Chemist: 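One structure is given below, represented as structure tokens, and several questions about it will come after.
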There are 2 protein chains.
Amino acid sequence: MIRGKTDRSETASQQGLKAKRANRAGNLADHVYTSLRRAIIEQALAPGTKLPEDSVGTSFGVSRTVVRSAIVRLVAEGLMVQQPNMRATVASPSLEEARAIFRVRRGLERMVLEELMPRLERSHLTRLRAHVASEEQAKRHSEPETIRLSGEFHLLLAQFTGNELLIRYVSEVVSRGSLILALYGRPHSSECAVNEHLTLIDAMEKGDLAEAVRLMDEHLVAVATRGLLDTDVKRERSLQDILSAYRPAGEG
Amino acid sequence: MIRGKTDRSETASQQGLKAKRANRAGNLADHVYTSLRRAIIEQALAPGTKLPEDSVGTSFGVSRTVVRSAIVRLVAEGLMVQQPNMRATVASPSLEEARAIFRVRRGLERMVLEELMPRLERSHLTRLRAHVASEEQAKRHSEPETIRLSGEFHLLLAQFTGNELLIRYVSEVVSRGSLILALYGRPHSSECAVNEHLTLIDAMEKGDLAEAVRLMDEHLVAVATRGLLDTDVKRERSLQDILSAYRPAGEG
DNA sequence: CTGAAAATAAATGTATACAGTTTTCGTGTT
DNA sequence: AACACGAAAACTGTATACATTTATTTTCAG
């Protein structure tokens with residue numbers, strides 16, 4: 001079949017495309033990347049879930065090309081894995097790997113504190129406390145929200161350092177942490193974390209680096225070990241169904 | 001023009017493709033990724049160099065599709081930067097960024113030592129010393145080789161930990177370190193490093209973690225500060241010219 | 001019925017087409 | 001001679017086509 005010039009503009013997917021593009025120039029791939037990422041972190045896409053490029057593309061109203069580059073990034077980041085000629089899947093780290101990741105995370109978060117403490121501002125403390133407040137609020141109604149916010153607390157800390165690379169790395173280990181909790185964590189494991197966040201902030205306010213590092217370490221060990229038992233299998237849902245919630249995505 | 005079915009198999013690029021594929025299934029993109037990466041690390045592609053997808057594709061005898069995904073990875077890794085609709089370029093970190101990267105690197109390499117020292121084996125020491133030997137040998141004839149080997153020493157250390165994530169992160173900061181030295185480093189700055197590698201190995205052999213960490217820190221600070229002056233501009237070469245050296249790539 | 005082999009369907013790898021953006025370059029104006 | 005302007009060239013973003021490879025189902029022998 002000879003593809004006419006105007007052919008493409010009639011496609012349904014093309015319309016969706018244009019809608020998105022009106023909002024923001026050129027980053028369809030970014031959008032898919034961000035959405036998939038969030039879906040994984042919020043555990044809507046369970047570890048091991050297979051993500052065929054076609055299906056994902058259909059869900060977002062984009063072509064495989066776009067999905068592909070999003071997946072490449074996710075794989076590079078360790079949130080997905082892929083073997084040649086096979087469907088990419090949401091990463092499903094072994095316990096061994098999980099532990100290794102948490103060890104790295106401990107080191108990274110120590111670095112965060114070491115970078116941040118000398119230049120800590122009052123506004124930082126305020127924002128951290130505000131964040132913890134919203135964590136507390138989310139705790140009582142939304143499980144995925146809680147998970148996300150709990151991770152974002154650590155991300156916030158990293159962001160205050162202003163060190164781009166550190167931010168990226170922390171962001172990665174935090175994401176993968178969520179993934180790991182999705183795999184091995186018990187249902188309400190993030191619950192206790194809120195208090196630990198608060199005591200950490202207190203230590204920071206006192207300017208006690210050593211104590212802050214100790215608390216952070218403790219906190220992370222706690223988070224890491226709170227997982228292990230209760231490997232309850234998530235019920236199956238259709239891919240289209242799951243991703244439909246991530247399509248609108250009114251993010252800033 | 002209507003594309004006939006057999007049309008593609010006649011293309012020159014297609015022939016090149018098949019040749020590659022005979023060697024190894026499916027990972028054309030990997031090949032391009034690896035090659036570009038090496039070219040950047042060995043400073044054949046200077047920071048700031050623009051890499052149009054077309055040209056790179058032509059150099060390697062592949063299509064833009066392939067180049068694109070390689071570039072996405074390089075960007076994710078921080079070795080290249082890209083703004084929408086603009087050509088991707090080899091990253092050219094500012095001094096500020098460079099320092100931030102080296103701070104992270106120090107933290108990471110400390111983690112490496114902390115993970116490795118408790119489980120250090122005699123064979124590790126042997127291999128490290130062997131590596132330093134080849135560094136010394138390369139030192140007298142090949143500048144890019146020296147740079148690469150110097151980085152690989154640190155990568156080797158990381159690999160001994162067996163911690164995949166740590167390996168990846170160290171690998172990244174080491175690569176970007178090369179990039180930074182390419183930008184701000186003086187010609188023979190890597191020269192002195194060999195001795196520092198040796199004393200570090202000695203400390204490790206003694207099982208003295210604290211001393212090893214101290215030496216590593218010192219070493220990295222030295223490497224970082226050895227750059228700064230002498231920002232001599234590299235002479236221009238054609239892209240095709242540079243990349244042609246990376247096309248064969250008889251890697252294992 | 002069970003299990004292996006063949007046929008079908010589903011996905012990936014890769015190349016290419018085309019529209020829309022930047023870059024580049026030449027031209028005319030002050 | 002510098003500068004704005006506009007057309008041409010160079011690129012990127014995205015969709016789509018086709019060959020291969022992997023997954024699934026069907027078919028058929030035992």
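Remember, it's a predicted structure, so these values are computed and weren't measured experimentally. Order of the sequence lines sets the chain letters (A, B, ...), proteins ahead of strands, with each chain counted from 1.
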Chemist: In whole angstrom, give the distance that lies between atom NZ of A:Lys50 and atom P of C:dA9.
Modeler: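 Rounded to the whole Å, the gap is 21 Å.
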Chemist: How long is the line joining CG of A:Leu28 and P of D:dA15, in whole Å?
Modeler: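 Distance, rounded to whole Å: 6 Å.
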Chemist: In whole angstroms, how far is the P atom of D:dT12 from the CD atom of B:Glu53?
Modeler: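 In whole Å, D:dT12 P lies 4 Å from B:Glu53 CD.
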Chemist: State plainly whether the residues B:Glu152 and B:Arg148 are in salt-bridge range, i.e. N to O under 4.0 Å.
Modeler: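 Yes.
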Chemist: May I ask you to say whether B:Arg73 pairs ionically with B:Glu77, meaning some side-chain N is under 4.0 Å from a carboxylate O?
Modeler: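 A salt bridge is absent here (no side-chain N lies under 4.0 Å from a carboxylate O).
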Chemist: Closest nucleotide of DNA chain C for A:Thr65 versus for A:Arg87: which of these residues is on the 5' side?
Modeler: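 That would be A:Arg87.
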Chemist: Using whole Å, report how far CG of A:Leu51 lies from P of C:dT12.
Modeler: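 It is 9 Å, rounded to the nearest whole Å.
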Chemist: Determine, for B:Arg37 against B:Asp30, whether the closest basic-nitrogen to carboxylate-oxygen distance falls under 4.0 angstrom.
Modeler: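 Salt bridge absent between B:Arg37 and B:Asp30.
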Chemist: Output the rounded distance in Å from CE (B:Met86) to P (C:dT23).
Modeler: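 Answer to the nearest Å: 4 Å.
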Chemist: Expressed as a whole number of angstroms, how long is the span from A:Asp54:CG to D:dT16:P?
Modeler: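 Between P of D:dT16 and CG of A:Asp54: 11 Å.
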Chemist: Of the options C:dT14, D:dC11, D:dT14, whose atoms approach the side-chain atoms of B:Ser63 most closely?
Modeler: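 Nearest nucleotide to the side chain: C:dT14.
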Chemist: Please report, rounded to the nearest Å, how far the C1' atom of D:dT14 is from the CG atom of A:Asn27.
Modeler: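 One finds 13 Å between C1' of D:dT14 and CG of A:Asn27, rounded.
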Chemist: Give a yes or no on whether a salt bridge exists between A:Glu109 and A:Arg105, defined as a side-chain N under 4.0 angstrom from a carboxylate O.
Modeler: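 Yes, A:Glu109 and A:Arg105 are salt-bridged.
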Chemist: Expressed in angstrom and rounded to an integer, what is the separation of B:Asn85 atom CG from D:dT12 atom P?
Modeler: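 From B:Asn85 CG to D:dT12 P: 9 Å.
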Chemist: Go through C:dT12, D:dT12, D:dA15 for me and flag the one nearest to the A:Arg64 side chain.
Modeler: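 For the A:Arg64 side chain, the nearest candidate turns out to be C:dT12.
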